[in-house]
Every structure is written in structure tokens, then in C-alpha cells.
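In what follows, a structure is listed as C-alpha cells, so that the remarks can point back to it.
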Amino acid sequence: MSNWLIRIAFLALVVGGGILIGTLTAPGDWYAQLSKPAFNPPNWIFGPVWTVLYVLIAMVGWRQFETDRSSTAMKLWWAQMGLNFLWSPTFFVLQMPWLALVVIVALLAVIVVFIAEVRHTDRVSALAFLPYLAWVAFATALNLSIAILN
């Protein structure tokens with residue numbers, strides 16, 4: 001029973017935290033007026049993509065937590081979660097795309113290191129983080145383009 005409570009807690013933390021941060025830092029007029037690159041996706045795509053990614057992130061978190069709560073992989077998981085939750089306030093609230101770029105590049109690096117750390121011991125977690133890696137790489141390019149254009 002305790003494993004299910006851990007899984008629910010991770011799901012609530014990650015998905016709930018993502019929804020909360022997304023709601024509190026929703027793009028407003030400032031973002032709407034920015035110049036954006038041609039590859040900027042429509043706004044409606046972000047919610048569904050992040051929901052799926054947050055479920056995967058939660059799954060990976062609980063797998064690492066159940067395996068070893070003090071492992072390097074678990075510390076990397078917490079680091080990526082903190083950086084993930086820091087990006088939106090930096091970009092949308094502080095309106096600092098260059099500083100947000102620093103945050104997202106650090107996030108991208110931590111995701112890569114996490115995947116490298118678990119690829120031999122937890123292939124499921126490594127594979128589950130690949131869509132997250134791809135999306136954050138895309139978001140990094142988008143962040144950089146917006147910073148340059150503005």
C-alpha cells in the first residue's frame with residue numbers, strides 16, 4: 001500500500017506543481033507581444049505536452065525514490081524538478097529570457113546527466129526521459145530564439 005501512496009504523492013507533486021506554476025505564471029500580454037521564431041508552436045500545444053511529460057517525470061521520480069532515496073539519480077531527479085519549476089517564473093514573471101535560457105540550459109544538462117546515470121540500471125526511466133529531453137531541447141531553442149529576437 002505504501003508504494004501506491006508514494007506513486008500518488010509523486011504524481012500530485014509533479015503534475016499538481018506543474019499546473020500550479022503554469023497557472024500562476026501564464027503567458028500574458030508581454031509574451032503575446034514578443035517576436036517569435038517561425039517554429040513557435042501554437043499556445044494550446046503546451047498544456048497537453050507538459051501534462052504527458054509531467055506524468056512521465058513523476059513515474060521516473062517514484063521509480064528512483066523506491067530504488068534508492070539518496071542515490072545520485074534521485075538527487076539529479078530533484079535537481080531537474082527544481083530547474084523545471086524555476087523556468088516559467090524566470091521567463092514569464094521576471095520577463096528575463098536570457099536568464100531563463102541559463103535555467104533551461106542547466107535543466108537540459110541535468111536531464112542528459114540523469115539519463116546517462118540510469119541508462120544501465122533503469123532503462124525504463126532512461127527511455128521515459130527521452131521525450132522530456134527532446135521537448136526541453138526544443139524549448140531551449142525556442143527560448144534562445146525569443147531572446148535573440150527581442
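Basis for what follows: all heavy atoms, side chains included, without hydrogens, waters or symmetry-related copies.
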### Lys36 NZ/CZ over Tyr31 ring centroid, <6.0 Å and within 45° of normal
yes
### Task
Not counting sequence neighbours, which residues clear ring-ring contact (aromatic ring centres under 6.0 Å, His included) with Trp78? List them please.
none
### Query
Can you find a pair of side-chain heavy atoms, one from Ile146 and one from Phe91, that are under 4.5 Å apart?
yes
### Message
On a heavy-atom basis, which atom in Val110 and which in Ala79 lie closest, and how many Å separate them?
### Response
CG1-CB, 4.1 Å
### Query
Hey, would you say the Phe46 and Trp50 ring centroids sit under 6.0 Å apart?
no
### Query
What's the spacing between Met59 CE and Gln64 CD if we round to 0.5 Å?
9.5 Å
### Query
Sub-3.5 Å donor-acceptor pair from the side chain of Asn150 to the main-chain atoms of Leu34, do we have one?
no
### Message
Let me confirm one number: the CG-CZ distance from Asp122 to Phe129, rounded to the nearest 0.5 Å.
### Response
10.5 Å
### Message
I need the Ile8 CD1 to Leu13 CG distance, nearest 0.5 Å.
### Response
13.5 Å
### Task
Over all heavy atoms of both residues, which pair between Leu149 and Pro37 is shortest? Give the atoms and the distance, please.
CD1-N, 3.6 Å
### Message
So, taking the atom named CE in Met74 and the one named CG in Asp68, what distance separates them when rounded to the nearest 0.5 Å?
### Response
10.0 Å
### Query
Between atom OG1 of Thr90 and atom CD1 of Ile104, what is the distance when rounded to the nearest 0.5 Å?
10.5 Å
### Task
Kindly work out whether a path of hydrophobic side-chain contacts (I/L/V/M/F/W/Y, heavy atoms less than 4.5 Å apart) joins Leu86 to Ile21.
yes
### Task
Quick one: closest heavy-atom pair of Val14 and Phe85, and the distance?
O-CZ, 3.9 Å
### Within one Ile-Leu-Val-Met-Phe-Trp-Tyr cluster: Met96 and Val93, side-chain cutoff 4.5 Å
no
### Query
Can Leu130 and Leu127 be said to form a side chain to side chain contact (heavy atoms under 4.5 Å, CB included), step by step?
CA-CA 5 Å; Leu130 291 179; Leu127 291 173; 3.7 Å; yes
### Query
Minimum heavy-atom separation for Ala128 to Val60, with atom names?
CB-CG2, 3.7 Å
### Query
Looking only at heavy atoms, which two atoms of Leu56 and Pro131 are closest? And how far apart?
CD1-CG, 4.1 Å
### Query
Met81, Ile19: one ILVMFWY side-chain cluster at the under-4.5 Å cut-off?
yes
Show every donor-acceptor pair shorter than 3.5 Å between a side-chain atom in residues 132-145 and any protein atom, with sequence neighbours excluded, or say none if there are none.
{"from": "Tyr132", "atom 1": "OH", "to": "Gln80", "atom 2": "OE1", "distance (Å)": "2.5"}
{"from": "Tyr132", "atom 1": "OH", "to": "Asn84", "atom 2": "ND2", "distance (Å)": "2.9"}
{"from": "Thr140", "atom 1": "OG1", "to": "Val136", "atom 2": "O", "distance (Å)": "2.7"}
{"from": "Asn143", "atom 1": "OD1", "to": "Trp87", "atom 2": "NE1", "distance (Å)": "2.8"}
{"from": "Asn143", "atom 1": "OD1", "to": "Leu101", "atom 2": "N", "distance (Å)": "3.4"}
{"from": "Asn143", "atom 1": "ND2", "to": "Pro97", "atom 2": "O", "distance (Å)": "2.9"}
{"from": "Ser145", "atom 1": "OG", "to": "Ala141", "atom 2": "O", "distance (Å)": "2.9"}

### Message
Checking the side chain of Trp77 only, and the main-chain atoms of Ile57 only, is there a donor and an acceptor separated by less than 3.5 Å?
### Response
yes
### Message
Using 0.5 Å steps for rounding, measure from the CH2 atom of Trp30 to the CG atom of Leu94.
### Response
9.5 Å
